[in-house]
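What follows is a single structure, written as structure tokens, with notes after it.
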Amino acid sequence: MMHQARLGPAIRCRDLHKQYKTRNGSVRAVNGLDLEVRPGECFGLLGPNGAGKTTTIEILEGLLDASSGDVEILGMRWGEHDDELRQRIGISLQETRFAEKLSVIETLVLFRSFYRAGNDPADVMKELGLGEKAKSWVGKLSGGQRQRLAVACALVGDPELLFLDEPTTGLDPQSRRHLWDTIRRLGEQGRTILLTTHYMDEAERLCHRVAVVDHGEVIALGSPAELIAGLGGEHVVEFALADGSGIAEEELASLPAVLEVRKEAAGMALTVTEPHVAIPALLQKVQHEGLDLARLITRHASLEDVFVRLTGRRLRDEEISSAE
């Protein structure tokens, strides 16, 4: 169904705070966060572990109360318009537990019964590539199929606003791209989507704008292209030396066309304005030092580079380390 554009923001929060009491006092999970999501846009919320991202999302979804601040969802407020809001939003959690001995179609019919109006469960099932699993028990689904079922359950109510929390986790590359196409189609229907992901390429390809959250605050906001342009250099040169040795960062920073030097686990990364100037200078430096290159790659700057500069961490590495 095509949704009409709203006049006001789909999501608006001002000076949002959330504190948790601990034995030694309190912890601030969200610290004066401001956010506004426009109607019909796919908005990405990114942040390392402990940044306050999950807490913020749960407040927006009505699953958690804020300590203070003002939150409006589709022009309404939790605590005043709960029933109406639940009819107009869809939520796909990062981890959803289903009844193991219900079939896929039975699960979708059950979720559809929670809404006054919505989509045909069979149509949603096919849209998410679950048609062949219609009569399969949920307990027999793979992790990726369960993830697609979670998104399908969020869609059966024909939501105006959709929360997708790590929707492609556990999906193989083909299924992941299939879901990307689905998310794009949902946007074309006029739905507003709030997306969290630890895949930077996903945010870069799908989101009109992204907000990077750290220490409970928004530290960067804009379109992926705007944030990447803010690096000042369009290209990144990555290299590693054969014997594991290195070149001092200040020496690399003094090379022509080099704007920034970043040490990484597998070598060094240079943000540069002109690769054709920086690379010959780098090769000359390596040769002068009597060293050998093991690897040299040049690529366009990405949202991943923005995230690393802002937080000092790779989001994907953060997620992997937390799961180990």
Side-chain angles (χ1 to χ4, degrees), residues 10-11 13 16 18 29-30 33 35 37 41-66 71 73-74 78 85-86 88-98 107-108 111 114 124 127-128 130 138 141-157 159-171 175-184 186-187 191-214 216 218 303 307 315-316 318-323:
I11 297 174
C13 59
L16 190 64
K18 180 62 179 180
V30 182
L33 186 140
L35 195 65
V37 178
E41 75 173 336
C42 182
F43 189 94
L45 197 60
L46 313 176
N49 293 327
K53 177 187 64 177
T54 299
T55 301
T56 299
I57 293 168
E58 290 181 349
I59 292 171
L60 299 179
E61 293 171 337
L63 302 176
L64 193 66
D65 291 329
V71 176
I73 307 296
L74 302 175
W78 292 108
L85 278 169
R86 291 191 181 106
R88 295 171 63 181
I89 69 172
I91 299 174
S92 174
L93 301 174
Q94 186 176 353
E95 202 172 319
T96 305
R97 296 190 180 276
F98 296 106
T107 300
L108 287 171
F111 273 76
F114 301 152
V124 176
E127 171 70 21
L128 272 296
L130 292 168
V138 171
L141 299 181
S142 68
Q145 289 165 345
R146 283 173 177 256
Q147 196 71 5
R148 279 184 276 160
L149 178 58
V151 176
C153 289
L155 288 177
V156 289
E160 181 179 340
L161 170 61
L162 189 60
F163 293 92
L164 298 178
D165 191 4
E166 310 284 3
T168 62
T169 298
L171 296 185
S175 297
R176 189 169 166 234
R177 289 184 178 273
H178 180 89
L179 189 53
W180 286 3
D181 290 339
T182 300
I183 292 171
R184 289 190 184 101
L186 294 171
R191 300 177 206 269
T192 305
I193 300 168
L194 182 64
L195 172 74
T196 71
T197 179
H198 57 244
Y199 297 110
M200 291 293 98
D201 61 331
E202 187 163 282
E204 199 168 326
R205 289 169 186 250
L206 295 178
C207 297
H208 298 94
R209 292 188 302 146
V210 299
V212 180
V213 177
D214 204 7
V218 174
L303 201 54
F307 190 89
L315 184 55
R316 179 64 179 149
E318 282 277 313
E319 297 291 341
I320 291 173
S321 64
S322 68

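- If you take CD on Q145 and CG on L171, they are separated by 10.0 Å, rounding to the nearest 0.5 Å.
- Side-chain contact between E58 and T54 is present, with at least one heavy-atom pair separated by less than 4.5 Å.
- Although no hydrogens or angles enter the test, the distance criterion places no donor-acceptor pair under 3.5 Å between the side chain of R88 and the main chain of L161.
- To the nearest 0.5 angstrom, I89 atom CD1 is 5.5 Å from F163 atom CZ.
- The side chain to side chain contact (heavy atoms under 4.5 Å, CB included) test with V151 is passed by exactly one of L186, V124, L179: L179.
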Quiz item: Please walk me through it: do V37 and L60 pass side-chain contact (heavy atoms from CB on, under 4.5 Å)?
Solution: CA-CA 11 Å; V37 178; L60 299 179; over 6 Å; no
Exercise. Test T192 against E160 for side-chain contact (heavy atoms from CB on, under 4.5 Å), laying out the working first.
Key: CA-CA 6 Å; T192 305; E160 181 179 340; 5.7 Å; no
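- Among all heavy-atom pairs drawn from L303 and E204, the shortest one is N-OE1, 3.1 Å.
- Heavy-atom minimum distance, V30 versus T55: CG2-CG2, 3.7 Å.
- Annotation: side chain to side chain donor-acceptor pair (under 3.5 Å) contacts of W78 (sequence neighbours excluded): none.
- Pairing each heavy atom of A150 with each of T96, the nearest pair is CB-OG1, 3.8 Å.
- Residues that satisfy the side chain to side chain donor-acceptor pair (under 3.5 Å) test with R209, not counting sequence neighbours, are E41.
- Exactly one residue among T197, L195, T196 makes a side chain to side chain contact (heavy atoms under 4.5 Å, CB included) with L46. That residue is T197.
- In this structure, C153 and L108 have side chains that are in contact, with non-hydrogen atoms separated by less than 4.5 Å.
- Between S92 atom OG and L155 atom CG the span is 8.5 Å, to the nearest 0.5 Å.
- Looking at every heavy atom in both residues, C42 comes nearest to I183 through SG-CG2, 4.4 Å.
- Under the 4.5 Å side-chain criterion, counting only non-hydrogen atoms from C-beta, F111 is not in contact with L149.
- Rounding to the nearest 0.5 Å gives a distance of 7.5 Å between CG of L141 and CG of L130.
- T169 is linked by a side chain to side chain donor-acceptor pair (under 3.5 Å) to nothing, counting only residues two or more places apart in sequence or in another chain.
- A donor-acceptor pair under 3.5 Å links the side-chain atoms of E166 to the main chain of H198, judged by distance alone.
- Partners of T168 under the side chain to side chain donor-acceptor pair (under 3.5 Å) rule, at least two apart in sequence or in another chain, are E202.
- Atom CD of E61 and atom CG of L85 lie 12.0 Å apart (nearest 0.5 Å).
- Listed for the K18 side chain is a donor-acceptor partner under 3.5 Å among the backbone atoms of D65.
- Checked against side chain to side chain contact (heavy atoms under 4.5 Å, CB included), A211 has the following partners two or more places apart in sequence or in another chain: L35, F43, L45, V218, L221.
- The nearest pair of heavy atoms linking F307 to M200 is CB-SD, 4.2 Å.
- Of all non-hydrogen atoms in P48 and D214, the two that sit nearest each other are CG-OD1, 3.5 Å.
- Shown here are the salt bridge (Lys or Arg N to Asp or Glu O under 4.0 Å) partners of R205, two or more places apart in sequence or in another chain: there are none.
- Here R97 contributes atom CZ and R146 contributes atom CZ; the two are 9.0 Å apart, rounded to the nearest 0.5 Å.
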